[in-house]
Amino acid sequence: MKTICNPATPYDRLLGRQPILTNERHYRPMNFVIEQPVDNGLLLYHTLTRQMLLLSTAEANAYHMQPATLTPLIEAWFLVPKEHDDRQLSHQIKAVGRMLEPQQAAITSYNILTTTDCNARCFYCYERGRSRIPMSDDVARHTADYIINHCGGQPVELLWFGGEPLYRKSVITLICRQLSDASVRFTSGMTSNAYLFDEETVQEAVDLWRLRNIQITLDGTEDIYNRSKAYINCDGSAYRRVISNIHQLLRSGIHVRIRLNIDIHNADNLLQLVDELHNEFHDTKHMKVYPHPLYGENMKNAALYDDHKRAFMYQRINEIQERIEAYEMAERTHLEHHVKLHQCMADSDHAVVILPTGHLGKCEHYTDSNFYGHIDSNELNTAMLASFRECRDEMEACATCAIYPDCFRLRKCEAISHCYPEMREWATRKIRRAMQATYEKYLKEKEN
């Protein structure tokens, strides 16, 4: 039995070793343990403690047939008595983690919507029907002031969002120049359809915006993409223009994440798109691709809400992922080594969304409401802030879910308003891929 990843600190000391109960014969794997077979044994990863172990073939057989004989696994909380309350332990660990979390007032992550307007008309957009408001130069200047006054002198991460953030690229330049003049250390990322990039803008993104990464959505091959995006004032094929711009971004050293939005209508076509992306970008390591199912209020009829269609769609997602991995375009994620205490920026004190009006929010999905303050005011709506930390009631499936320690199910997050077996299996599969990648890294480092 080998330790590949140590448990997260300081929880290893807080938990200590689980006592061995001499009269307890019925030990079982804790619900938070995920298995991944490898050539020379079995990997076990604990999603709560973050420890990963490698069992030999003989130890793996004992783990499945005679778990009570594996004292080290009992002491490390991989095996627990049959009646053990796994969820209660998770609650206790997170509660302690929040108490130990460093207290600081600095905000180091800023999601800035330069506009809620967009040059595309995607049929699935969650912002469809909402106000289209551009950020003024005056609000941009005040946004930079807000960052300067709230970053606490620490490096900050800016994320440019929209609408389409390049619709108001002048305010990006204004904010970045003001931050640079004030000697604020920053880097930035962007979520964009990439249609409005050109050579000059790419260079400015590198030199002034300090753009390090960008996420771009592709909904299918050329014909399907052009129909799905339905760009206004489009000259020629939008797909070909975006592909050309991705080449420019990659040549400049910017990392590109391609998100493949999937629903029942384009699931088959995306397999073809993956082939095209491989042919187009096979010589770069700075582009990664991942599939993402569509959901939300504007997708009431999506496959996500139909059992048979959802099963078909996730089957396609798995096939798409396998092809992405075969082409070595998949993101090589590694295991987290810290206990997860927050779902996202919505329940974090160190992240903020700044709307084009200067209002402060906690999630970019709320562009017309649920503000908790304004960049020009010190008054904060603490009740609104607290509402973003509220969680939904637990489900029956939570009792045995392996990813329970990482799941917060925030009440205001529509993306996790539903939880189906296929979704849990998809999340578990991603962890298994990370286990494999972490183990391969371990072997490589051991060789060196």
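We count residues from 1, following the sequence as given.
Here the side chains of Ile107 and His350 are not in contact, with every heavy-atom distance at 4.5 Å or above. Counting heavy atoms from C-beta on, the side chains of Ile354 and Asn111 never come closer than 4.5 Å. Contact annotation: the side chain of Tyr366 never approaches that of Leu355 to less than 4.5 Å [non-hydrogen atoms, C-beta and beyond]. By the 4.5 Å heavy-atom criterion applied to side chains, Cys344 and Phe408 are not counted as neighbours. Residues Arg185 and Val156 fail the side-chain proximity criterion, which asks for heavy atoms closer than 4.5 Å. Between Met30 and His84, some side-chain heavy-atom pair lies under the 4.5 Å cut-off. Using a 4.5 Å cut-off on side-chain heavy atoms (C-beta onward), Glu157 and Thr108 make no contact. You'll find the side chain of Phe186 reaches within 4.5 Å of the side chain of Cys176, heavy atoms only.
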Practice prompt. Could you walk me through whether Asp393 and Arg409 pass salt bridge (Lys or Arg N to Asp or Glu O under 4.0 Å), step by step?
Written response: CA-CA 8 Å; Asp393 293 337; Arg409 302 196 73 232; over 6 Å; no

Worksheet entry | Worked check of side chain to side chain donor-acceptor pair (under 3.5 Å) between Tyr404 and Asp86 | CA-CA 10 Å; Tyr404 182 85; Asp86 298 0; over 6 Å; no

Worksheet item: Can you check side chain to side chain donor-acceptor pair (under 3.5 Å) on Arg210 and Ser180, steps first, answer last?
Response: CA-CA 10 Å; Arg210 304 179 193 175; Ser180 296; 3.2 Å; yes

Practice prompt. Might you work through the side-chain contact (heavy atoms from CB on, under 4.5 Å) test for Ile172 and Met190, ending with a clear yes or no?
Written response: CA-CA 11 Å; Ile172 301 178; Met190 180 181 289; 3.9 Å; yes

Practice prompt. Could you walk me through whether Lys169 and Thr201 pass side chain to side chain donor-acceptor pair (under 3.5 Å), step by step?
Written response: CA-CA 9 Å; Lys169 68 178 183 179; Thr201 303; 2.6 Å; yes

Discussion item. Checking Phe281 against His247 for the ring pair (Phe, Tyr, Trp, His ring centres under 6.0 Å) test, could you report, in this order, the C-alpha distance in whole Å, the side-chain angles of both residues, the deciding distance, and whether it holds?
Written reply: CA-CA 8 Å; Phe281 300 103; His247 277 292; 4.4 Å; yes

Item to complete: Dump the intermediate steps for side-chain contact (heavy atoms from CB on, under 4.5 Å) on Met287 and His255, then the final yes or no.
Response: CA-CA 6 Å; Met287 191 190 80; His255 289 250; over 6 Å; no

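Residues Asn31 and Thr400 have side chains that never bring a donor and an acceptor to within less than 3.5 angstrom of each other. Side-chain N/O atoms of Gln51 and His337 include no donor and acceptor closer than 3.5 Å. Checked by atom type, the side-chain pair Lys430/Thr333 shows no donor-acceptor distance below 3.5 Å. Checking Lys229 against Asn193 by side-chain atom types alone, no donor-acceptor pair falls below 3.5 Å. At a cut-off of 3.5 Å, with distance as the only test, a side-chain donor of Thr173 or Glu204 sits close to an acceptor on the other residue. Side-chain contact, Tyr420 with Asp307: no donor N or O sits under 3.5 Å from an acceptor N or O. Judged by distance alone, the side chains of Asn261 and Tyr124 do bring a donor and an acceptor atom under 3.5 Å apart.
The environment of CD in Glu396 is sparse: at most 12 heavy-atom neighbours from other residues, nucleotides or ligands sit within 6.0 Å. Atom CG of Asn378 has 12 or fewer heavy atoms from other residues, nucleotides or ligands within 6.0 Å. Atom CG of Asp39 has 12 or fewer neighbouring heavy atoms from other residues, nucleotides or ligands inside a 6.0 Å radius.
To the nearest 0.5 Å, atoms CZ (Arg212) and NE2 (His286) are separated by 12.5 Å. The distance from the CG atom of Asn370 to the CG atom of Leu360 is 13.0 Å, given to the nearest 0.5 Å. Taking CH2 from Trp77 and CG from Leu89, the interatomic distance works out to 6.0 Å, rounded to the nearest 0.5 Å. In this structure, the separation between CG on Leu271 and CD1 on Ile324 is 9.0 Å, given to the nearest 0.5 Å. Distance check, rounded to the nearest 0.5 Å: OG of Ser192 to CD1 of Ile214 gives 4.5 Å.
Ring-plane geometry between Trp209 and Phe197 is classed as tilted, the angle between the planes lying from 30 to 60 degrees on a 0 to 90 degree scale. Below 30°, between 30° and 60°, or above 60°: for Tyr146 and Tyr110 the angle between ring planes is above 60°, a perpendicular geometry. Classification of the Tyr290-His292 ring pair by plane angle, with boundaries at 30° and 60°, yields perpendicular.
Between the Glu59 side chain and the Ser56 main chain, a donor and an acceptor come within less than 3.5 Å of each other. Here the side chain of Thr47 pairs a donor or acceptor atom with the backbone of Phe32 at under 3.5 angstrom. The backbone N or O of Ala194 lies less than 3.5 Å from a partner atom in the side chain of Asn245, making a donor-acceptor pair. Side chain of Asn318 to backbone of Tyr314: a donor-acceptor contact under 3.5 angstrom is found. A donor-acceptor contact shorter than 3.5 Å is absent between the side chain of Ser109 and the backbone of Ala351. In this structure a side-chain-to-backbone donor-acceptor pair under 3.5 Å is missing from Ser348 to Met345. Counting only distance, with no hydrogens or angles, the side chain of His342 and the backbone of Asp347 share a donor-acceptor pair below 3.5 Å. Formation of a donor-acceptor pair under 3.5 Å by the Thr69 side chain with backbone atoms of Gln66 is found in this model. Remark: side-chain polar atoms of Asn269 are paired, donor with acceptor, to backbone N or O of Thr221 under 3.5 angstrom. With hydrogens and angles disregarded, no donor-acceptor distance shorter than 3.5 Å links the side chain of Asp406 to the backbone of Ile403.
For Glu390, the salt bridge (charged side-chain N to carboxylate O under 4.0 Å, His left out) partners are Arg411, not counting sequence neighbours. Every residue meeting the salt bridge (charged side-chain N to carboxylate O under 4.0 Å, His left out) condition with Arg389, not counting sequence neighbours, appears here in chain and number order: Asp349. Partners of Glu422 by salt bridge (charged side-chain N to carboxylate O under 4.0 Å, His left out), not counting sequence neighbours, listed by chain and number: Arg310. Evaluation of the salt bridge (charged side-chain N to carboxylate O under 4.0 Å, His left out) rule for Glu280 yields Arg240 as partners, not counting sequence neighbours.
By the 4.0 Å N-to-carboxylate-O rule, Arg316 lies close enough to Glu319 to be salt-bridged with it. Salt bridge status for Lys288 with Glu328: absent, with no side-chain N to carboxylate O gap under 4.0 Å.
Cation-pi geometry between Arg433 and Trp426 is met: the NZ or CZ atom falls under 6.0 Å from the ring centre, inside 45° of the normal. For the pair Lys362 and Phe371, the cation-pi test (distance below 6.0 Å, angle within 45°) is failed.
Within the structure, no pair that satisfies the salt bridge (Lys or Arg N to Asp or Glu O under 4.0 Å) test touches residues 335-346, not counting sequence neighbours.
A ring-centre distance under 6.0 Å is not found for Tyr45 and Phe78.
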Let me have the donor-acceptor pairs involving side chains of residues 1-18, under 3.5 Å, with sequence neighbours excluded, atom names and distances please.
residue, atom, partner, partner atom, Å
Gln18, NE2, Ile74, O, 2.6
Gln18, NE2, Leu79, O, 2.8

